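Notes to accompany the following structure.
All of these numbers come straight from a predicted model, not from anything done at the bench.
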Amino acid sequence: MTLANAEALRRDPGAASSGPAMIRYCWLQRAFRRGAAALVHPRLGAPLLLGVVLGNALLWVAALAILKFAQVLHSDSTEAFAWGQTLAWGSGKHPPMAGWVARAWFSVFPTSDWAFYALAMAVTGATVLLIRLLAGEVVDRRRAVLATLLAMIYPILNFKGYKFNPDLLQLPFVVLIVWAYMVAAERRTALWGVVIGLAGNGAVMTKYWGAWALVAIAVAAVTRPDRNRLFRSPVPYVAVAVFVLAIGPHLDWLSAVGFTPFRYASQFFVVDRGTAARHSIDSTLHAFALLLPALVAGAVAVLLPRFRRVTPPPDDAVERARQIWLIVAVLVIGPIIAAIALPVRMKSDWTIPLFSLVPLAVLALPRLAVPLRAVARAAVILLMLGVGALIAAPGLATVKVLFEPNRALSPRLDRLATIATDLWRERAGTPLRIVVGDSEEIATVSFYSADHPRMFLAGAPELTPWISAETLGRSGFVGICPAAAPACVDRVIALRPRAEQIAVTTERSALGQTLPPDRWVMLLALPEADAEVTR
């Protein structure tokens, strides 16, 4: 006990009761300080941070599985799974990468909800680790670790990242492109040109919107003070060559299907720039709102109790920071300008891969002091967020079911999938190969069915170009339409006029809450008698 504490105790004997609490506080403070020091340690930091990222991902998988217990998976996720049932160079909406990744993942993991949430968290975890690699090329180790912790606080990389889709999958590719560029600009070897080309191909093969990352590094490259050395190296030319070669098969596929994904994207073109500007501004504001938790956490970690400046850094550090600022500016502002100029109705999901580097850009401010306690505070906030979400998940899920049942209880397409599969096996004696319908609901049926059939969109067959009318005849199919959508029923009947129609209902209930049953029309089209059944 210090003399000051002894004097305080003499004046107020009751103050002794706060001693154990103070000891516990000091012990926790020292523990987090030591943990922060270990995170920035040259040897211990990497494996320890990997453990933090993995533990954070597992926390969120558990929390999401609890929060979403009364719902089936989002159709964006199950649609990617359905695309992956056919190995093709594209789908009717997007390039093929999301389907390929889903197929690879579920060749190892079971087709269950938690496994899809685990896939989404694996994507966000990979993004976080790539942010750490990128930050290591831009700022010192302490700032790099802090940028990584703040990335895990960014909602898109935790609870808002529950939905695996092409927008989410672009995240690691965008960060990989920027990291590869930052390394390639320094080393200027052909190998890093190959990495940039492959990363760029991965981004574009996920969604064409990923080309913005290539635009951003191109702008950064031509504005570098040492751009002559960069453009005299093999890096840019190897990158372009590898990108063109890698995307060639997809371009052939696009030509073969009549550029269907571009025709699908044409629905987002609008008539006037005012509408485009409104959607662009709304999407950007939404993205900045999602950034607030990470930015506020960073402010609490760095700026409290006071703001301090450091001495000016070396010129090379400032130049690296300028490169990141420029890249982030192109990613954030460029799509807004393009959307208004074209004009395009921009969706908020399109901003997911474009704003993930904003916290790093802020931390790259060279005269901003980042003490070790900032890392410790960010770690505390991250731990409170993850553990708090897991503890609160059962209560939040219960409240949502009890007070918002219409939103919390989704139609039980998993049960519908079981009914369709069992009925088909009973009548046809073979696995169910194709489900037909008008919307993404059949993609969800494909996921939950034990046979994982391929899907065919009766209302937009060009979006599922891997299935022809001859295939439908040989394999047969089960059509699924909401009972309240007679147009869907008519389109399925047009494919097989003699299909048997069966009325099906599925119940929605949980925790004593029951909603009116969902009614469906199931159309059973058995394989044609004179055709061999093939997959």
Worksheet item: Under 3.5 Å, is there a donor-acceptor pair between the side chain of Gln85 and the main chain of Ala82?
Response: no
Worksheet item: Would you call Pro166 and Met97 a side-chain contact if the rule is heavy atoms closer than 4.5 Å?
Response: no
Discussion item. Please determine whether side-chain contact (heavy atoms from CB on, under 4.5 Å) holds for the pair Leu119 and Val101, giving the CA-CA distance in whole Å, both sets of side-chain angles, and the decisive distance to 0.1 Å.
Written reply: CA-CA 9 Å; Leu119 173 56; Val101 170; 4.1 Å; yes
Discussion item. Consider side chain to side chain contact (heavy atoms under 4.5 Å, CB included). Of Ile442, Val436, Ile467, which one does Arg454 pass it with?
Written reply: Ile467
Fill in: Ring centroid separation Phe355 to Phe288 under 6.0 Å
yes
Worksheet, complete the sentence: ring-ring contact (aromatic ring centres under 6.0 Å, His included) with Phe116: of Tyr162, Trp105, Phe106, only one passes, and it is Phe106
Worksheet item: Backbone N or O of Leu73 within a donor-acceptor pair of the Ser77 side chain at under 3.5 Å?
Response: no
Practice prompt. Answer with yes or no after comparing the ring centroid distance for His452 and Phe81 against a 6.0 Å cut-off, counting only values under it.
Written response: yes
Practice prompt. State, yes or no, whether a side-chain contact exists between Leu214 and Val204 at a heavy-atom distance under 4.5 Å.
Written response: yes
Fill in: Verdict with reasoning, Glu462 to Val257, per side-chain contact (heavy atoms from CB on, under 4.5 Å)
CA-CA 8 Å; Glu462 69 277 4; Val257 300; over 6 Å; no
Worksheet item: With no hydrogens and no angle check, is any side-chain donor or acceptor of Trp83 less than 3.5 Å from a backbone partner on Ala98?
Response: no
Discussion item. Given 3.5 Å as the limit, does a donor-acceptor pair link the side chain of Trp325 with the main chain of Ala361, or not?
Written reply: yes
Worksheet item: Salt bridge check: are Lys347 and Asp349 linked by an N-O gap of less than 4.0 Å?
Response: no
Worksheet item: Closest heavy-atom contact between Leu390 and Ala62?
Response: CD1-CB, 3.7 Å
Discussion item. Just to verify, what does Ser468 make a side chain to side chain donor-acceptor pair (under 3.5 Å) with, not counting sequence neighbours?
Written reply: Glu470, Thr471
Discussion item. Looking at every non-hydrogen atom in both residues, tell me the closest pair between Leu295 and Pro359 and how far apart they are.
Written reply: CD2-CA, 4.5 Å
Worksheet item: Just how far is it from atom CG of Leu150 to atom CG of Leu157, taken to the nearest 0.5 Å?
Response: 11.0 Å
Worksheet item: Hey, does the side chain of Asn165 reach the backbone of Ala80 with a donor-acceptor pair shorter than 3.5 angstrom?
Response: no
Fill in: Option passing side-chain hydrogen bond (donor to acceptor under 3.5 Å, both in side chains) with Tyr448 (candidates Thr78, Asp113, Thr111)
Asp113
Worksheet item: Which atoms form the tightest heavy-atom contact between Pro110 and Trp114, and what is the distance?
Response: CG-CZ2, 3.7 Å
Item to complete: Before giving the answer on side-chain contact (heavy atoms from CB on, under 4.5 Å), spell out for Phe477 and Val435 the whole-Å C-alpha distance, their side-chain angles and the decisive distance to 0.1 Å.
Response: CA-CA 6 Å; Phe477 60 86; Val435 287; over 6 Å; no
Worksheet item: Between the side chains of Gln323 and Tyr181, is a donor N or O closer than 3.5 angstrom to an acceptor N or O?
Response: yes
Fill in: Lys/Arg N to Asp/Glu carboxylate O, Arg224 vs Glu186, below 4.0 Å
yes
Worksheet entry | Side chain proximity check, Leu67 to Phe159, heavy atoms < 4.5 angstrom | no
Worksheet item: Should Ile196 and Ile217 count as side-chain neighbours, where that means a heavy-atom distance under 4.5 Å?
Response: yes
Worksheet item: Hey, does the side chain of Thr223 reach the backbone of Ala220 with a donor-acceptor pair shorter than 3.5 angstrom?
Response: yes
Discussion item. To the closest 0.5 Å, what do you measure between CG (Leu372) and CZ (Arg142)?
Written reply: 5.0 Å
Worksheet item: Does Ser107 reach the main-chain N or O of Ala104 with its side chain, forming a donor-acceptor pair under 3.5 Å?
Response: yes
Identify every side-chain donor-acceptor pair in residues 37-51 under 3.5 Å, counting partners at least two apart or on other chains, and give the distances.
| from | atom 1 | to | atom 2 | distance (Å) |
| --- | --- | --- | --- | --- |
| His41 | ND1 | Arg43 | N | 3.0 |
| His41 | ND1 | Leu44 | N | 3.2 |

Worksheet entry | Minimum-distance pair of heavy atoms, taken over all atoms of Val302 and Ala369 | CG1-O, 3.1 Å
For a quick test of your reading: what N or O donor-acceptor pairs under 3.5 Å do the side chains of residues 167-174 make, sequence neighbours left out?
| from | atom 1 | to | atom 2 | distance (Å) |
| --- | --- | --- | --- | --- |
| Asp167 | OD1 | Lys207 | NZ | 2.7 |
| Asp167 | OD2 | Lys207 | NZ | 3.4 |
| Gln170 | OE1 | Gly210 | N | 2.7 |

Worksheet item: Quick one: are Trp350 and Phe268 in side-chain contact, heavy atoms under 4.5 Å?
Response: yes
Worksheet item: Which atoms form the tightest heavy-atom contact between Tyr237 and Phe231, and what is the distance?
Response: OH-O, 2.6 Å
Discussion item. I want to check something: taking the side chain as every heavy atom from C-beta on, are Ile156 and Ser356 in contact at a cut-off of under 4.5 Å?
Written reply: no
Discussion item. Using 0.5 Å steps for rounding, measure from the CG atom of Asp272 to the CD1 atom of Ile340.
Written reply: 11.5 Å
Worksheet item: Mind checking whether Leu87 and Arg103 have side chains closer than 4.5 Å, heavy atoms only?
Response: yes
Discussion item. Show the nearest heavy-atom pair for residues Thr351 and Ser283, with the distance to one decimal.
Written reply: CG2-O, 3.9 Å
Please output the side-chain donor-acceptor pairs of residues 241-253 that fall under 3.5 Å, not counting sequence neighbours, one pair per line with the distance.
| from | atom 1 | to | atom 2 | distance (Å) |
| --- | --- | --- | --- | --- |
| His250 | ND1 | Trp89 | O | 2.5 |
| His250 | NE2 | Tyr208 | OH | 2.7 |

Discussion item. Restricting to side chain to side chain donor-acceptor pair (under 3.5 Å), what partner residues turn up for Glu441, sequence neighbours left out?
Written reply: Ser439
Fill in: Rounded distance [0.5 Å steps], NE2 in His94 versus CG in Leu463
10.0 Å
Practice prompt. Would you kindly say whether Arg263 and Ser266 are connected by a side-chain donor-acceptor distance under 3.5 Å?
Written response: no
Worksheet item: About how many Å separate CZ of Arg227 and CZ of Arg232, when rounded to the nearest 0.5 Å?
Response: 11.5 Å
Discussion item. Working to the nearest 0.5 angstrom, can you tell me the gap between Asp226 CG and Ser233 OG?
Written reply: 10.0 Å
Item to complete: Measure from the side-chain N and O atoms of Asp438 to the backbone N and O of Gly459, and report whether any donor-acceptor pair falls under 3.5 Å.
Response: yes
Item to complete: Check side chain to side chain donor-acceptor pair (under 3.5 Å) between Thr86 and all other residues, then give those that pass, not counting sequence neighbours.
Response: none
Fill in: Arg143 side-chain N/O to Ala135 backbone N/O, donor-acceptor pair under 3.5 Å
no
Fill in: Residue that, paired with Leu130, satisfies side chain to side chain contact (heavy atoms under 4.5 Å, CB included) out of Val178, Ile177, Leu176
Leu176
Worksheet item: Going through the distances and angles, do Asp451 and Arg433 end up as a side-chain contact (heavy atoms from CB on, under 4.5 Å)?
Response: CA-CA 7 Å; Asp451 294 335; Arg433 305 181 189 283; over 6 Å; no
Discussion item. Do Val332 and Leu354 have side chains that approach each other closer than 4.5 Å (heavy atoms only, starting at C-beta)?
Written reply: no
Practice prompt. Output yes when a side-chain donor or acceptor of Thr148 lies under 3.5 Å from a complementary backbone atom of Ala144, and no otherwise.
Written response: yes
